[in-house]
Q: 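What follows is a single structure, and I will ask about it in a moment.
Chain A is the first sequence line, chain B the second, and so forth, proteins listed ahead of strands; every chain is numbered from 1. Computed from a predicted structure; not experimentally measured.
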Amino acid sequence: MSNIRAIRGMNDILPDETPSWQYVEGAIRQLMAGYGYSEIRLPIVEQTELFRRGVGEATDIVEKEMYTFADRNDDSLTLRPEGTAGCVRAAIQHGMLNTPQRLWYAGPMFRYERPQKGRQRQFHQVGLEAFGVASPDMDAEVILLTARLWRLLGVADDVQLQLNSIGSAQSRSDFRVALVSYLRDHFDALDEDSQRRLDSNPLRILDSKNPDTQALLDEAPSLTDYLDDQSRDDFNRLCALLDAAGVEYSLNPRLVRGLDYYNKTVFEWVTDRLGAQGTVCGGGRYDGLVEQLGGKPVPGVGFAMGIERLVLLLQECETLPQATADADVYVVSFGNEAQSEAVAASERLRDAFPALRIVQHNGGGSFKSQMKKADRSGARLALIWGEDEVAAGTVSLKALREDDKERVGQQSVPRAELEQTLRALLAD
RNA sequence: GUGGCCGUAGCUCAUCAGGUAGAGCACCGGAUUGUGGCUCCGGAGGUGGCGGGUUCGAGACCCGUCGGCCACCCCA
């Protein structure tokens with residue numbers, strides 16, 4: 001019988017890595033607060049119908065990537081493959097959309113795909129949704145916020161912003177007709193996938209990686225030429241705001257996105273340092289989504305970013321803070337009486353120094369092995385309780401790190417003075 | 001779903017015309033009756049992913065299967 005393993009593509013995040021995650025999450029939390037966004041926490045499971053209607057029936061996500069199952073009541077449920085649909089659902093359900101809302105959330109998402117670098121079946125996103133403002137100043141804010149994050153994390157030079165407008169539903173539909181007509185005339189020159197998409201999702205042919213197809217697209221109608229006036233004006237205004245704020249971007253008229261709800265502004269932050277899965281953050285405007293999910297027409301703009309990819313990028317760029325030890329003080333003892341005193345004293349120390357990380361040695365062992373643990377723990381100080389100390393009413397305090405050796409060394413401290421001695425030591 | 005590469009100790013990897021497995025790190029103990037880091041000595045730890053086949057004999061060869069990585073695809 002073989003051991004039970006984690007589900008394919010659903011990875012444990014081990015203690016080695018959690019500090020990196022906490023660092024990234026902390027930066028994001030601070031960033032969101034700095035722009036006036038509030039956190040919202042959403043269920044991981046929703047009715048399947050939400051994603052069918054929200055993400056779009058013809059998308060890859062809905063077609064073949066969802067974890068869908070029947071619950072005991074035979075309702076069809078789905079592990080959320082993305083966050084926007086659930087967030088919109090919640091905002092509608094709780095009547096939050098009478099006024100503009102700035103919201104963010106974080107958590108696991110699920111897509112049944114073949115795992116590879118930067119892609120797993122359970123992955124984590126931070127998402128942001130700004131509801132109720134249709135003008136491009138809101139698009140700009142959202143993008144500026146992401147740009148600030150890259151600066152905060154020290155990866156600003158390693159990501160590039162790609163920007164496009166895919167216009168209104170009407171202009172997109174006009175363009176689609178023209179594009180399909182053009183591509184049909186050159187059907188034989190298309191790669192196999194693109195031939196298939198010609199019917200199902202022709203806009204996605206635009207970002208085909210096939211060189212022949214790309215060459216063909218050079219002569220194809222351009223989405224830009226089909227933009228309605230409002231979309232064009234708003235896009236220009238967005239670009240002007242980004243220019244004024246000093247955010248660099250490249251216009252990518254072939255950038256479309258895989259979720260049906262997008263319109264007008266779409267953007268991606270990409271990096272060339274993560275292999276094939278180079279999109280760290282993607283988003284755009286979705287003015288029709290709220291209505292499509294049963295709310296009043298309320299515009300929205302947002303993004304999602306992948307935390308795994310972000311952590312990978314920070315590792316790649318070596319911009320993560322250095323790992324710190326687990327302990328500040330390691331407490332060893334020998335004999336029952338000494339241990340009783342040590343445990344009680346540690347509790348008092350935790351009262352006095354709530355931020356101090358005090359690790360108690362449990363499980364016995366020789367002084368030597370206990371000291372070895374003390375060293376391995378990375379603690380700065382060891383507190384040593386043995387028979388001699390019990391007899392003398394003292395505790396031995398020993399510096400474990402070179403920096404403290406000369407100043408602190410090993411000293412015998414009367415129990416009553418332990419707290420003040422520690423306070424003095426830790427003061428500098 | 002497709003393809004390429006890979007599966008030997010907790011980790012990183014050796015070994016090999018096919019003759020029944022080794023190192024470093026980590027772990028435990030000792031050298032040092034109550035004191036870590038360095039050094040030395042010792043110990044524990046592997047049904048060589050799993051199943052089948054070829055062979056006198058397979059971790060090594062073949063087939064299957066599962067898993068991992070990377071890529072296609074898609075996106076975060």
Side-chain angles (χ1 to χ4, degrees), chain A residues 1-9 11 14 16 55 59-65 80-84 106-128 146 159 191-194 196-197 201 204 207-210 255-259 262 266 268-271 274-283 302-313 330 332-335 338 361 363 365-391 396-402 405 409-410:
Chain A
M1 189 180 114
S2 55
N3 289 327
I4 295 176
R5 303 174 43 92
I7 306 298
R8 160 118 102 150
N11 299 332
L14 300 176
D16 273 10
V55 177
T59 58
D60 280 10
I61 289 178
V62 172
E63 261 180 16
K64 52 191 189 196
E65 294 175 1
R80 63 181 185 193
E82 60 98 51
T84 300
M109 306 293 166
F110 303 83
R111 292 183 201 171
Y112 190 90
E113 294 184 275
R114 197 72 173 254
Q116 69 179 80
K117 184 178 174 121
R119 187 171 79 186
Q120 41 281 127
R121 291 180 172 180
Q122 174 175 336
F123 59 103
H124 297 78
Q125 284 187 340
V126 168
L128 172 153
T146 54
V159 293
D191 61 276
E192 207 175 309
D193 280 327
S194 296
R196 189 171 40 76
R197 287 197 203 113
N201 204 344
R204 293 219 52 83
D207 48 25
S208 165
K209 282 171 193 158
N210 184 295
L255 176 66
V256 294
R257 293 184 48 75
L259 288 69
Y262 287 113
V266 294
E268 282 186 17
W269 286 96
V270 298
T271 177
L274 294 184
Q277 306 303 323
T279 302
V280 173
C281 172
F303 66 75
M305 63 186 148
I307 307 189
E308 280 85 354
R309 289 183 187 178
L310 207 41
V311 170
L312 270 179
L313 180 61
Y330 196 93
V332 308
S333 65
F334 203 71
H361 180 87
S366 64
F367 260 86
K368 184 185 173 64
S369 64
Q370 292 196 34
M371 287 306 293
K372 194 167 191 157
K373 296 284 192 195
D375 181 49
R376 293 284 162 96
S377 78
R380 199 175 148 193
L381 298 171
L383 286 182
I384 304 167
W385 301 77
E387 289 168 6
D388 296 349
E389 285 81 358
V390 170
S396 293
L397 185 157
K398 178 173 182 173
L400 296 173
R401 305 299 147 211
E402 267 333 299
K405 279 239 165 112
Q410 175 162 348

Q: How would you summarise protein contacts on nucleotides 26-34 of chain B per nucleotide, using B for base, S for sugar-phosphate only and - for none, with heavy-atom distances below 4.0 Å?
A: SSSS----B

Q: Ignoring hydrogens and angles, does a donor from either the side chain of Glu65(A) or the base of C73(B) sit under 3.5 Å from an acceptor on the other?
A: no

Q: Can you check the distance between A26(B) and C73(B), where both ends of the measurement are the P atom (answer in whole Å)?
A: 44 Å

Q: Return no unless some side-chain N or O of Arg114(A) is found under 4.0 Å from OP1 or OP2 of C73(B).
A: no

Q: Given the P atoms of G48(B) and U39(B), what is the spacing between them in whole Å?
A: 33 Å

Q: On the nucleotide A71(B), are OP1 or OP2 found under 4.0 Å from the side-chain N or O atoms that Gln116(A) carries?
A: yes

Q: What does Ala304(A) touch in the nucleic acid at a heavy-atom separation under 4.0 angstrom: a base, only the sugar-phosphate, or nothing?
A: sugar-phosphate

Q: Look at the side chain of Lys398(A) and the base of G36(B), then say whether one donor and one acceptor between them are separated by less than 3.5 Å.
A: yes

Q: Regarding Val332(A), tell me which of base, sugar-phosphate or nothing describes its non-hydrogen contacts under 4.0 Å with the strands shown.
A: nothing

Q: Is Arg257(A) touching bases, backbone alone, or none of the nucleic acid, heavy atoms closer than 4.0 Å?
A: sugar-phosphate

Q: Looking at residues at least two apart in the chain, or sitting in another chain, which of them share a ring pair (Phe, Tyr, Trp, His ring centres under 6.0 Å) with Phe334(A)?
A: Phe367(A)

Q: Where does RNA chain B pair, written as one dot-bracket string 5' to 3', with Watson-Crick or G-U pairs under 3.5 Å, ( ) inside the strand, [ ] for crossing pairs and | for another strand?
A: (((((((..((((.....[..)))).(((((.......))))).....(((((..]....))))))))))))....

Q: Taking N and O atoms by type only, does the side chain of Glu402(A) place a donor or acceptor under 3.5 Å from a partner on the base of G37(B)?
A: yes

Q: Work out how far the P atom of G43(B) is from that of G22(B), and round it to whole angstrom.
A: 13 Å

Q: Taking the same atom, C1', in G45(B) and in G36(B), what whole-Å distance lies between them?
A: 25 Å

Q: Please check this pair: side chain of Arg121(A) against backbone of Glu113(A), looking for a donor-acceptor N/O pair closer than 3.5 Å.
A: yes

